[in-house]
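Residues take their numbers from the sequence shown, with the count starting at 1. All heavy atoms count here, side chains included; hydrogens, waters and symmetry mates do not.
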Amino acid sequence: VDRKDVKRAAVVGAGLMGNSIAQTFAGAGIEVNLVDVGDEALGRAMGMIRSSLEVMAESGKVPGGDVDDVLSRIHPSTDLEMSAQGVDFVVEAVPEVQEVKKETFARLDEILGGEVIIASNTSGLDIYSFAEVTKPERLLIAHWFLPPHIIPLVEVVPGPSTSPGAVAFTAALMERLGKVPVVMKGFTRAFIVNKIQNMIALAVFELLGSGLVEPEDIDKAVKNSLGIRLPVVGVVQSMDFTGLDLVLDVMKSYGFANEFIAGKVKEGQLGAKTARGIYDYGGRTEAEILAKRDRRYLEMLDNLDAMNAFEPI
Ligand SMILES: NC(=O)c1ccc[n+]([C@@H]2O[C@H](COP(=O)([O-])OP(=O)(O)OC[C@H]3O[C@@H](n4cnc5c(N)ncnc54)[C@H](O)[C@@H]3O)[C@@H](O)[C@H]2O)c1
C-alpha cells in the first residue's frame, strides 16, 4: 500500500498517548480501530478524545468544527484480533513494560498480513533485542510527544532489520498526518529529544537540590534565555553562534572532548563568524547572518510577550 492509501489504522493501547494518536489519525480522515484491554479504559479514552477535539475546534483545527465527524472514525474495541484485521498500519502504545510489548508484537505479527508496519511508541526500550516476530523488517519505532495531537515531532527509529521501505512509508504517513518526522539511522537509548531532556532534568535536579535558586526562578531564567533562542536556532546551530572555538574551550574546561567540534575548529569552521560551522551559511557575511537571526529573536520575543508566555500557566 502507498501511504496515500492508508484507510484504516489500528492503535493498540488507548492510554494517554494512544487516545491522542488515534485522534490524530482520525483527524486526517483515517479510520482507526482503538484497542485496549477493558471497556473502562476505552470509555475514558473516547471521553478524552472528545474534550481534546473540542479544544482543537476552538482553535479552528477541526474541519467544519465537526467533532462528531472525527469521533465517528474511531472504533473502540477490546478485541485485538478483530481490530487488527485488514488495517494498513499499526501503532503500538501499550505500557512501557517489556513483557507486555513482547506479547503484543507477537500477537500482531501473527494476525497482520503482508507488509503492514508495526510502529512502536516505546520511550526507549530496545524492542529490537526482545521482539519475537517473523517479519522484523516491518517493525520500527515511531516515537510521539505528549500531547501527540498537538506536538509535531515523531522520531522514527529503525532497528537492524527494519526495511528502508518501512521507514520511508512511516515518515511519509506521519507527514500526511501533519506531523514532522525525524528519521534516525539506528537505535540509541532515549533517541534525540529525551536524551537532551534527560540531561536538562539532571541539571534541574542538581539546582533544586542545591537550594541556590528558587524553583520559579529556574523557569524564569530559562524562559528569558533558552526559551527565546531554542525555537530559532535549536541546540546545534546555537553553537555556531557561540563560536565553535569557544564551545570547544568551554567544554574542555569542564573536562569534555568532542571529536566532531574539534574537527570543525581545526578546519577553521568556527560558526557564523566564518560563514561556516556545523551549518554552511553559503558565503553570507557575519552581519547578514546575525541580522537574520536577530529579526527572528525579536519576533519571537514579541510573540511570547503577546501570549503572556513569561507568566506561569
Ligand atoms: N506518556 C508519555 O509522555 C509518553 C511519551 C512518548 C511515549 N510514551 C510511550 O507510549 C507508550 C504508552 O504510554 P502511555 O503514557 O500512553 O501509557 P498509559 O498507561 O496511559 O496507556 C497504556 C494503555 O495500554 C493499555 N494496555 C495494557 N495492556 C494492553 C494490551 N495488552 N493490549 C492493549 N492495551 C493494553 C492500558 O490499559 C492503558 O490504557 C509507552 O511505551 C510509553 O513509554 C509515553
From CA spacing to verdict: side chain to side chain contact (heavy atoms under 4.5 Å, CB included), Val35, Val11:
CA-CA 6 Å; Val35 188; Val11 175; over 6 Å; no

Kindly indicate, with the supporting measurements, whether the criterion side chain to side chain donor-acceptor pair (under 3.5 Å) is fulfilled by Ser120 and Glu92.
CA-CA 5 Å; Ser120 172; Glu92 173 277 303; 2.5 Å; yes

Charged N-O contact under 4.0 Å between Asp68 and Arg50
yes

How many angstroms lie between atom CD1 of Ile74 and atom CD1 of Ile49, to the nearest 0.5 angstrom?
4.0 Å

Given Asp126, Leu140, Thr162, Ile127, the one that forms side-chain contact (heavy atoms from CB on, under 4.5 Å) with Phe187
Asp126

Flag yes if Val154 and Leu146 sit in one hydrophobic cluster, no otherwise; membership is Ile, Leu, Val, Met, Phe, Trp, Tyr, and two members link when side-chain heavy atoms are under 4.5 Å apart.
yes

Taking atom OG1 of Thr188 and atom CD of Glu155, what is their separation to the nearest 0.5 Å?
10.5 Å

Could Lys273 and Asp245 be called an ion pair, given the rule that one side-chain N must be under 4.0 Å from one carboxylate O?
yes

Ion pair check, Lys135 and Glu115, cut-off under 4.0 Å
no

Is it the case that over 12 heavy atoms from other parts of the model lie below 6.0 angstrom from the NZ atom of Lys220?
no

So which atom in Ile289 and which in Ala275 form the shortest heavy-atom distance, rounded to 0.1 Å?
CD1-CA, 4.1 Å

Hey, is Glu288 close enough to Lys292 for a salt bridge, meaning N to O under 4.0 Å?
no

Using a distance-only test with no angle check, is there a side-chain donor-acceptor pair under 3.5 angstrom linking Thr122 and Glu96?
yes

Nearest-0.5 Å distance, CD of residue Glu206 to CG of residue Leu202
9.0 Å

Quick one: does Arg176's side chain have a donor or acceptor within less than 3.5 Å of a partner on Val6's backbone?
yes

Between Pro181 and Thr170, is any pair of side-chain heavy atoms under 4.5 Å apart?
no

Distance, nearest 0.5 Å, that separates NZ of Lys179 from CG of Leu153
9.5 Å

Determine whether the side chains of Gln269 and Thr274 contain a donor N or O and an acceptor N or O closer than 3.5 Å.
no

Audit row: Arg138, Ile118, side chain to side chain contact (heavy atoms under 4.5 Å, CB included) steps and yes/no
CA-CA 6 Å; Arg138 56 136 144 219; Ile118 305 172; 4.1 Å; yes

Give a yes or no on whether the backbone of Ser238 and the side-chain of Thr242 come within a donor-acceptor separation of less than 3.5 Å.
yes

Check the pair Gln23, Ser52 against side chain to side chain donor-acceptor pair (under 3.5 Å), reporting the backbone distance first and the verdict last.
CA-CA 9 Å; Gln23 177 184 335; Ser52 1; 3.2 Å; yes

Among the clusters formed by ILVMFWY side chains lying less than 4.5 Å apart, do Val90 and Met82 turn up in the same one?
no

If you define the side chain from C-beta out and look only at heavy atoms, does anything of Ile30 sit under 4.5 Å from Leu173?
yes

What are the two closest heavy atoms between Asn198 and Ala190, and how far apart are they?
ND2-CB, 3.9 Å

Taking it one step at a time, do Ile196 and Met199 satisfy side chain to side chain contact (heavy atoms under 4.5 Å, CB included)?
CA-CA 5 Å; Ile196 293 170; Met199 295 303 279; 5.9 Å; no

What's the spacing between Thr78 OG1 and Leu42 CG if we round to 0.5 Å?
7.0 Å

Asn19 side-chain N/O to Gly15 backbone N/O, donor-acceptor pair under 3.5 Å:
yes

Salt-bridge test for Lys7 and Glu31: reply yes if a basic N is under 4.0 Å from a carboxylate O, no otherwise.
no

Please answer: with hydrophobic residues joined when any side-chain heavy atoms are less than 4.5 Å apart, are Ile150 and Leu304 in the same cluster?
yes

Quick one: do Phe310 and Tyr297 end up in the same hydrophobic cluster if we chain Ile, Leu, Val, Met, Phe, Trp and Tyr together by side-chain heavy atoms under 4.5 Å apart?
yes

For the residue pair Val32 and Ala26, what are the closest heavy atoms and their distance?
CG2-N, 3.7 Å

Just wondering, are more than 12 heavy atoms of other shown residues or ligands nearer than 6.0 Å to CD in Glu54?
yes

Quick one: does any side-chain atom of Asp88 pair with a main-chain N or O of Ala9 as donor and acceptor, under 3.5 Å?
no

Please examine the side chains of Val157 and His143, heavy atoms only from C-beta on, and report whether any two atoms are closer than 4.5 Å.
no

For residues Leu230 and Val235, report the shortest heavy-atom separation together with the two atoms involved.
CD2-CG1, 3.5 Å

Output the distance between atom CD (Gln85) and atom CG (Leu80), rounded to the nearest 0.5 Å.
9.5 Å

So, are Asp219 and Lys223 salt-bridged, with charged N and O less than 4.0 Å apart?
no

Ignoring hydrogens, what is the shortest heavy-atom contact between Gly277 and Asp240? Give both atom names and the distance.
CA-OD1, 3.4 Å

Does Arg296 have more than 12 heavy atoms from other residues, nucleotides or ligands lying within 6.0 Å of its CZ?
no

Between the main-chain N or O of Ser83 and the side-chain N or O of Asn33, is there a donor-acceptor pair closer than 3.5 Å?
yes

Passes side chain to side chain contact (heavy atoms under 4.5 Å, CB included), Val91 versus Val12? Steps please.
CA-CA 6 Å; Val91 174; Val12 186; over 6 Å; no

Under 3.5 Å, side chain of His75 to main-chain N/O of Arg73, donor-acceptor pair present?
yes

Minimum heavy-atom separation for Ala57 and Val67, please, with both atom names.
CB-CG2, 4.1 Å

Is Pro160 close to Tyr128 at the side-chain level, that is, under 4.5 Å between some pair of heavy atoms?
yes

Taking atom CZ of Arg189 as the centre, does the number of heavy atoms from other residues, nucleotides or ligands within less than 6.0 Å exceed 12?
no

Ring-plane angle category for Phe25 and Trp144, please: parallel below 30°, perpendicular beyond 60°, tilted otherwise.
tilted

Under the 3.5 angstrom rule, does the side chain of Asp66 hit a backbone N or O of Asp69 as a donor-acceptor pair?
yes

Between Asn303 (side chain) and Glu299 (backbone), is there a donor-acceptor pair under 3.5 Å?
yes

Counting only heavy atoms not in Lys61, do more than 12 sit closer than 6.0 Å to its NZ atom?
no

Donor-acceptor under 3.5 Å (Asp109 side chain, Thr134 main chain):
yes

Strictly by modelled atom types, are Gln197 and Asn194 linked by a side-chain donor-acceptor pair under 3.5 Å?
yes

Is Ile200 reachable from Ile192 through a run of I, L, V, M, F, W or Y residues, each pair having side-chain heavy atoms under 4.5 Å apart?
yes

Does the side chain of Ile278 reach to within under 4.5 Å of the side chain of Phe260, using non-hydrogen atoms?
yes

Heavy atoms of other groups near Glu81 CD, more than 12 under 6.0 Å
yes

Mark yes or no for whether Tyr279, through its side chain, and Gln237, through its backbone, hold a donor-acceptor pair below 3.5 Å.
no

Is there a side chain to side chain donor-acceptor pair (under 3.5 Å) between Ser20 and His149 once you walk through the steps?
CA-CA 6 Å; Ser20 169; His149 63 279; 2.8 Å; yes

